[in-house]
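Here is the structure we will look at, set down as structure tokens.
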Amino acid sequence: MTKKRGDDSGAERILAAVRRIPRGRVSTYGMIADLAGLPRRARLVGAVLRQTTARVPWHRVINASGRISFPAGSDAWRRQRERLEAEGVVFVRGRVDLKHYAWPARTVQLDELLWKM
DNA sequence: CGGTCGGCCCGCC
DNA sequence: CGGCGGGCCGACC
């Protein structure tokens, strides 16, 4: 067969979902889990991103509070923030406004509206 | 709007 | 197997 399925806890699907996040946008662990068809597995997403060596835009994944899930001020935290800011993502008081930057957006219309203003 | 508290589920002793 | 902690989350003060 082409590929084995179900023996990797969905790691591949998680990475595929992460790769779909557009530049300058962010997604949350929970959203990625859903997109990967693995509801309730937000923590698994974190585990996969932590250990993977695959080239994926891991920095575009943050938590549902709009914050980076590394200890504030740590090397990893700084690195992730820098990468996001380099893509134009703005932090306000240490957090990203998911209403503006979250992908996928709640609705296409809301997305268009927010991005025009 | 920020801080806590349980759940949830997986990965690794 | 049993326990524990994690790049989490939503509900509730």
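So that the names make sense, note that chain A is the first sequence line, chain B the second, and so on, each numbered from 1.
The one candidate from A:Arg25, A:Glu87, A:Arg83 that meets the side chain to side chain contact (heavy atoms under 4.5 Å, CB included) condition with A:Arg60 is A:Glu87. Across A:Arg78, A:Glu85, A:Arg79, a single residue satisfies side chain to side chain contact (heavy atoms under 4.5 Å, CB included) together with A:Arg81, and that is A:Glu85.
Rounded to whole angstrom, the span from the CZ atom of A:Arg40 across to the P atom of C:dA11 amounts to 10 Å. What separates CD1 of A:Ile14 from C1' of C:dC8 is a distance of 12 Å, to the nearest Å. Straight-line distance from the CG atom of A:Leu38 to the P atom of B:dC9: 12 Å, rounded to whole Å. Following rounding to the nearest Å, A:Tyr29 (OH) and B:dC10 (P) show an atom-to-atom distance of 18 Å. A straight line from CG of A:Leu44 to P of C:dC9 spans 13 Å, rounded to a whole angstrom.
In this structure a side-chain-to-backbone donor-acceptor pair under 3.5 Å is present from A:Ser27 to A:Trp103. Remark: the backbone N or O of A:Trp77 is not paired with any side-chain donor or acceptor of A:Gln80 at under 3.5 angstrom.
Rounding to the nearest 0.5 angstrom, the gap separating the CG atom in A:Leu98 from the OG1 atom in A:Thr28 is 7.0 Å. To the nearest 0.5 Å, atoms CG (A:Leu38) and CG (A:Leu44) are separated by 6.5 Å. Once rounded to the nearest 0.5 Å, the distance linking CD1 of A:Ile68 with CG of A:Leu84 reads 6.0 Å. Within the model, atoms OH of A:Tyr101 and CZ of A:Arg95 stand 14.0 Å from one another, a figure rounded to the nearest 0.5 Å.
In the region residues 62-76 of chain A, proximity to DNA chain B at under 4.0 angstrom, judged on heavy atoms, holds for none of the residues. Contacts of residues 89-96 of chain A with DNA chain B (heavy atom under 4.0 Å): A:Arg93, A:Arg95.
Heavy atoms of A:Val61 sit under 4.0 angstrom from at least one base atom.
By the criterion of side-chain heavy atoms lying less than 4.5 angstrom apart, applied directly or through intervening Ile, Leu, Val, Met, Phe, Trp or Tyr residues, A:Met31 is not grouped with A:Val56; the two fall into different hydrophobic clusters.
The local environment of CZ in A:Arg40 is sparse, with at most 12 non-hydrogen atoms from other residues, nucleotides or ligands closer than 6.0 Å.
Picking from C:dC9, B:dC10, C:dG7 the nucleotide with the shortest atom distance to the side chain of A:Thr28 gives C:dC9. Among the nucleotides C:dG7, C:dC9, B:dC9, the one closest to the side chain of A:Leu49 is C:dG7.
For DNA chain C, each stem of at least three Watson-Crick or G-U pairs (distances under 3.5 Å) is given as range with range: B:2-7 with C:8-13, B:9-13 with C:2-6.
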As a quick check of understanding, evaluate side chain to side chain contact (heavy atoms under 4.5 Å, CB included) for A:Phe91 and A:Val96, giving each step before the final call. CA-CA 5 Å; A:Phe91 283 75; A:Val96 173; 3.7 Å; yes
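Comparing A:Ala47 and A:Arg43, the nucleotide of DNA chain B nearest to each residue sits closer to the 5' end for A:Arg43.
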